[in-house]
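These numbers were taken from a predicted model, which means no experiment stands behind them. Here is the naming used below: chain letters follow the sequence lines, and residue numbers restart at 1 for every chain. Note that these values count all heavy atoms, side chains included, but never hydrogens, waters or copies made by symmetry.
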Protein chains: 2
Amino acid sequence: MAESTPTSTPQRGPERRPDLATNLRVAVLRLSRRLRNESTLEVSEAQHSVLSALFHLGPMTPGKLAEHDHVQRPSMTRTVASLEERGLVTRETDPVDKRSVVVDVTAEGRALVKEIKRRRNAWLDKRLAKLTAAERQVVAEAAAILRRMVEQ
Amino acid sequence: MAESTPTSTPQRGPERRPDLATNLRVAVLRLSRRLRNESTLEVSEAQHSVLSALFHLGPMTPGKLAEHDHVQRPSMTRTVASLEERGLVTRETDPVDKRSVVVDVTAEGRALVKEIKRRRNAWLDKRLAKLTAAERQVVAEAAAILRRMVEQ
DNA sequence: TATTGTTATACTCTATAACTATA
DNA sequence: TATAGTTATAGAGTATAACAATA
């Protein structure tokens, strides 16, 4: 059964028709690029990622944020500092362990996360609206499958 | 018929179940991030984009490359310079219009593009292989739909 | 004049290494 | 000693403004 839908890059021929992996790779990379470039506001992607993590997961230390975003701690120090300067997050020393700092998103930060989400969804909605209902159904099912796949 | 598959961000309720745009947005942004981070070799995404454009579309001026990648020309000057230093592209003055420069990808550059594509597809294939055949079929159809959608 | 590309300059994100404060 | 975070420093990508060469 598994081989009825080949997933691998062709190895036997020199240049075959694009396979599933290639189609998915191109679709995802292009769509993500447009999403990032055309519907972000005044924050960089690095800043947005931090705001979004704090928004969805709650207050966190810079170390945890660095781990979450797969960046080094000094990089996160700078990103958090820039967000604090702009009033989008707060930094407070942990009273129990005074080495630690707890970062939290401010009301303004929350509003910005929501606004960016709204813009990105609006950008997508405009394009999804041009598909047929059947196509949207396929995309909806695939989105659920891919979310599950990427989170494993 | 169109309203049987709602695409819009919910406006009437305070927090509804994730809609299609949200699901797709999260799936695409996370998948693209893992694809970029976990299966790239020794070139940045900016450099890879240039190599890939030259590989697939043929020799091009820095101006055309900048336009293709939606960056400013001075940025492309730097990226092309770094690629030339590493022997991945060549730069030659156009004999007809001596203001222009023609950039082309070298054999080494081509090999690198193929290797990165191979790695990214392999990374995806490993995950796609864990899906059922029916799920892969849905993802394949969605990839085709999304490629068409994003290119409009 | 207009166009192509580069240089000058600055800002952000990234990294590694070394440092401070606390545990 | 070990850990959390920062500072020091450097490299890459991005931008705008100004410049050179060519059309």
Would you mind reading off the distance between B:R86 atom CZ and D:dG13 atom C1', rounded to a whole angstrom? 15 Å

Each nucleotide N or O in nucleotides 20-23 of chain D that has a protein N or O under 3.5 Å away: list the pair and distance.
unit_1 : atom_1 : unit_2 : atom_2 : d
D:dA23 : OP1    : B:V96  : O      : 3.4
D:dA23 : OP1    : B:K98  : N      : 3.0

Listed nucleotide nearest any side-chain atom of A:V71, set C:dC13, C:dT7, C:dA15: C:dA15

Given D:dG5, C:dC13, C:dT6, the nucleotide with the shortest approach to the side chain of A:A46: C:dC13

A:R33 has an atom CZ; how far is it from atom C1' of D:dT14, in whole Å? 12 Å

A:E45 CD to C:dT14 P, straight-line distance once rounded to whole Å: 10 Å

State whether A:S44 places a side-chain N or O below 4.0 Å from either non-bridging phosphate oxygen (OP1 or OP2) of C:dT12. no

Hydrogens and angles aside, do A:S82 and A:Q47 bring a side-chain donor and acceptor to less than 3.5 Å of each other? yes

Rounded to the nearest angstrom, tell me the gap between atom CD in B:Q47 and atom C1' in D:dT14. 14 Å

Whether the side chain of A:T106 engages the backbone of A:L88 through a donor-acceptor N/O pair (distance < 3.5 Å, no angle test) should be reported. yes

Verify the contact: side-chain N or O of B:T77 to OP1 or OP2 of C:dT6, cut-off strictly under 4.0 Å; return yes or no. yes

Applying salt bridge (Lys or Arg N to Asp or Glu O under 4.0 Å) to A:E135 and B:R148, what does each step give before you reach the verdict? CA-CA 11 Å; A:E135 286 172 330; B:R148 188 162 48 72; 2.5 Å; yes

Which part of the nucleic acid does A:S75 contact within heavy-atom distance under 4.0 Å: base, sugar-phosphate only, or nothing? base

Judged by each residue's nearest nucleotide on DNA chain D, which is more toward the 5′ side, A:M76 or B:Q72? A:M76

Can you check whether A:S52's main-chain N or O pairs, donor with acceptor, with A:H56's side chain at less than 3.5 Å? yes

The nucleotide from C:dC13, C:dG5, D:dT6 with an atom nearest the side chain of A:R73 is D:dT6

Enumerate all atom pairs, one protein N or O and one N or O from nucleotides 17-19 of chain C, separated by less than 3.5 Å.
none

Rounded to whole angstrom units, what separation is found between the CG atom of B:L65 and the C1' atom of C:dT6? 15 Å

Nucleotide D:dA15, atom C1' - distance to NE2 of B:H70 in whole Å: 16 Å

So does A:R78 pair up with A:E84, basic N to acidic O under 4.0 Å? no

Regarding B:D69 and B:S49, is there a side-chain donor-to-acceptor distance under 3.5 Å anywhere? yes

Taking A:V28 as the starting point, is it possible to reach A:V26 by hopping between hydrophobic residues whose side chains are less than 4.5 Å apart? no

Rounded off to whole Å, could you give me the NE2-to-P distance for the B:H48 and D:dG13 pair? 14 Å

Does A:R78 contact C:dT14 through a side-chain donor or acceptor facing the base, at a distance under 3.5 Å? yes

Check each of B:R119, B:K117, B:R118 against B:N121 using the side-chain contact (heavy atoms from CB on, under 4.5 Å) test, and report the only one that passes. B:K117

Counting the atoms with a prime plus P, OP1 and OP2 as sugar-phosphate, which does A:S100 contact under 4.0 Å by heavy atoms, base, sugar-phosphate, or nothing? sugar-phosphate

Salt-bridge contact A:E45-A:R120 (side-chain N to carboxylate O under 4.0 Å): yes

Establish, for the pair B:R127 and B:W123, whether the NZ or CZ atom is under 6.0 angstrom from the six-membered ring centre and no further than 45 degrees off its axis. yes

